[in-house]
Peer 1: 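Below is one structure. I have some questions about it.
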Amino acid sequence: MGGFLTFISSIRWQDIVDVLINSYILLRVYILFQGTNAFRVLVGITSLWLAQELAASLGLILTSWAIRGITAAAAIIIIVVFRNEIRSVLQVRNIKAFLWGFPSRVQHTPVDIIADSVFQMANKRIGALLVFPGNQDLGEVIHGGIPWNGQVSNEMLMSIFWHNGPVHDGAAIVKGEQIVEVGAILPLTRRHDLPSQYGTRHRAAVGLAEEADALVVVVSEERGKVSVAKDRNLVRVADSRALSQLIKKHLKMPEISPASQRKREMLKLVGAGFVSFLIISGIWLAFTRGQDTIIALNVPIEYVHRPASYDILDTSVDEARLQLFGSSALMRSLSPEQVAVRVDLSKATKGRNIFAITQDDVILPPGIALNRIKPSTIEVTLDTPTTRKIPVQVDWTGRLPENVGLVDVSVTPASVDVTGGSATLAKVETVYTCPVRLDKLPPSGTTSAEIVLSPPSLKLSASSTGLVTIHYRLVKSPIPRNR
Amino acid sequence: MKLIAYLLSTFLFIICAFHLAPAQAGQEKPAKAAPVEHLHLKQAVMCQHVENLNPVNPGVVFSVSSGQVCCYTSFDPVPRHTVIYDRWYHRDELSTQTRLRLYPKKWSTYSVIQLRETDKGPWRVEIIDQSGHVFDVLRFSITD
C-alpha cells in the first residue's frame, strides 16, 4: 500500500498530460483509420513488433532478427500498397475534422429504394450497373467517371440508365445517400469461365469485384435479370428483398434503429478511448518507471547569469561526469544534448568562487534521475575585463638562406589594444603573430601576418583588424644596430 | 706668570684665527657644482657572438644550430660602479637573468645563452637597472 501511494505521489502533472495527449493521438489514429485495410495491416505490424520483443526477451536471436526485418519491410509495404487509402483518410476537408471530428459510421443509403428501382429497371429491360464501394479507394481502378452528386431516388436511377441516355453505358457509384459519379468505366475481368450470355456489363462488374472490395449490382438489358458481383463471385438475385439484404450486408447496415446505432458507435468510441489510455499508460510505465539502468555521461558545464562586469578567467573543470538512472528504453534513447549542467554565476564575486553542483543545476529529460555527480564542487575565477596596449612581436620560423641576415625589423602597428581579464592581461607582455616563414619572405621587404592571442579568452579591440604589416631588410652581411 | 698666561692665550688665539680663516672664506665664495651624469645605454644589439668587445653577426633571427646568442650592450657614460640585469624571456616566460657589472667611465658587456632545440620561438631581452628601469627591450627569434 505504501509503495502504491509513493508511486501515485511521484506522478507529475506533466506525466498525466503526456499520457492523455498520446492516448488521444492513438484514439484519433483508430478513428481515422478504422475499417481500412491499412489499419488492419497496422495492427498486424504492431503484433509483429510485440512478437519481436517477446522473441528478443526469450533469447530467440534468429527469430527476433527475422521478425524485425519483416516488420521493417511491412512498414514500407503499408505505405506503398495502401498509399491511396492513407491519402483518402488524411485528405480531410478541414483541420477540425482531422483533430476533433468523429465520422458517423451510420449508413443512410436508401437501400430499399435502390433495390426496388433495380428490379423496376430489370422488368423494363433497362441495363444498369451500380457500384457500392467498400473500404478500399476506387480512384485507381475506376476511370472516366462524371461527378454527379445527386440524391438517390427511383426517378434519378431510371433517368441515368434510360436507353440512349449519355451516361447509361457506364456505372453509377453510390456512396451514402448520393450517386457521386455516373458513366464510370470499370475494369473488365479476364476470366474465361463466365457463362457466354454475360456481356460487357457483367464482365465489368466481376472485374471491379475482383480488384476491389466493392459490391456491384448489374441489370441485364437483354434478359432483365439482376446479378450481384462481390469478390470473385457473381450471383443471381431473385427479388428486391434479397438484393436489399445483400447491399445492407455489404454496407454493414445493422437491423437496428439509427439512435441505437449511434449509441453503439459512441460506446465503441469510449471503449476505444479506454483501450488507447491503457495502451499508452502501459507504454508510459515501461518507459518511465523502470529504473533498472545506470549510465555515466560526461556533460559540458554551462556557466549562466555571469555578472556583466566580470569575465570568466578560469574554471577548475569544463565538464561534469553524471551518473544517471532510469528505464533502459529511456536510457537507450538518451542523447548528450538532452542533458545539461548549468551553474548560476549571478552571486559570484571577483576572484575565486566555489560552487557546489546540486540536483537543481542538472537538467535532465523527464523520467531520468541523477544518481551521482563528479566533481561535486567547481571553482570559477572571475575577473574584471580591461584593455591594455601590448607590443606585437613577429614569430619567425623556418630557416634563412645561407649568408643572409635579417635586420631592421619593424611591425606596424607596433602595439595593439588587447581586452581581457585584468589578471590574465597582467601576465601578457607580448602578443605574437602567426608563424612567418623565413624561407618564403618576399624580397620587397614587406609582408603581413595575423595576430594570434593566447590565451584565447583575450580579444583584440574593435579598432584592430588583427593584421600587422612587417617591414624588414635582408642583408648579405648583417649590419649592427646602433643607437 | 701672568705674562706667560697672556702670551699663551694670545698664541692660541692666533692659531685658531689662522685655521678658521679659510673656512669662512669658502662660505663667502662657494665652489661651482659639477654636472650630474646619468648612466646611458649607447648600443644594444643581439648578436651571434662577441669578439674583442664588438658584436659579431647582429640580427633578429638566429639559427639554433649556431649554438649561442648574445645580448651585447655598451654604456657611455658610466658615472659610477653599478650593475645592470639582462632578463631573457622565451614566449613571455622568464628563462634566465644575468647580472652584469659596469665600471666608469664607459663600459661594454654582454650576456649569452646556449641554445637547445626547445629554445626555438620568439624571445625578448629586457635590459634593466637595479631600480627596475628598463633601458631597452630587444626582440629576436630562434629558428631552425
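By convention in this document, chain letters (A, B, ...) are assigned in the order of the sequence lines, proteins followed by strands, and residues within each chain are numbered from 1.
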Peer 1: Under 4.5 Å from any heavy atom of chain B, what part of V394(A) do you find: side chain, backbone, both or neither?
Peer 2: backbone
Peer 1: Quick one: closest heavy-atom pair of F140(B) and Q393(A), and the distance?
Peer 2: O-NE2, 3.2 Å
Peer 1: So what's closer than 4.5 Å to chain A heavy atoms on Y89(B): side chain, backbone, both or neither?
Peer 2: neither
Peer 1: Counting neighbours of CD on E93(B) that are heavy atoms of other residues, nucleotides or ligands and sit closer than 6.0 Å, is the number greater than 12?
Peer 2: no
Peer 1: Would you say R437(A) has more than 12 foreign heavy atoms packed within less than 6.0 Å of its CZ?
Peer 2: yes
Peer 1: Tell me the closest heavy-atom pair linking D92(B) and T430(A), and the distance in Å.
Peer 2: OD2-N, 3.1 Å
Peer 1: Could you tell me whether Q338(A) atom CD has more than 12 heavy atoms of other residues or ligands within 6.0 Å of it?
Peer 2: yes
Peer 1: Going from CZ on R91(B) to CD on E429(A), what distance comes out if it is rounded to the nearest 0.5 angstrom?
Peer 2: 15.5 Å
Peer 1: State the CG-CG distance between D439(A) and D144(B), to the nearest 0.5 angstrom.
Peer 2: 8.5 Å
Peer 1: With only heavy atoms counted, which part of L406(A) is less than 4.5 Å from chain B, the side chain, the backbone, both or neither?
Peer 2: both
Peer 1: Are the side chains of V409(A) and R139(B) in touch, meaning some heavy atoms are under 4.5 Å apart?
Peer 2: no
Peer 1: Do P391(A) and R124(B) have side-chain heavy atoms sitting under 4.5 Å apart?
Peer 2: no
Peer 1: Taking side chain as C-beta onward, heavy atoms only, is R399(A) less than 4.5 Å from S65(B)?
Peer 2: yes
Peer 1: Within a strict 4.5 Å, meaning less than it, do heavy atoms of the T143(B) and L438(A) side chains meet?
Peer 2: yes
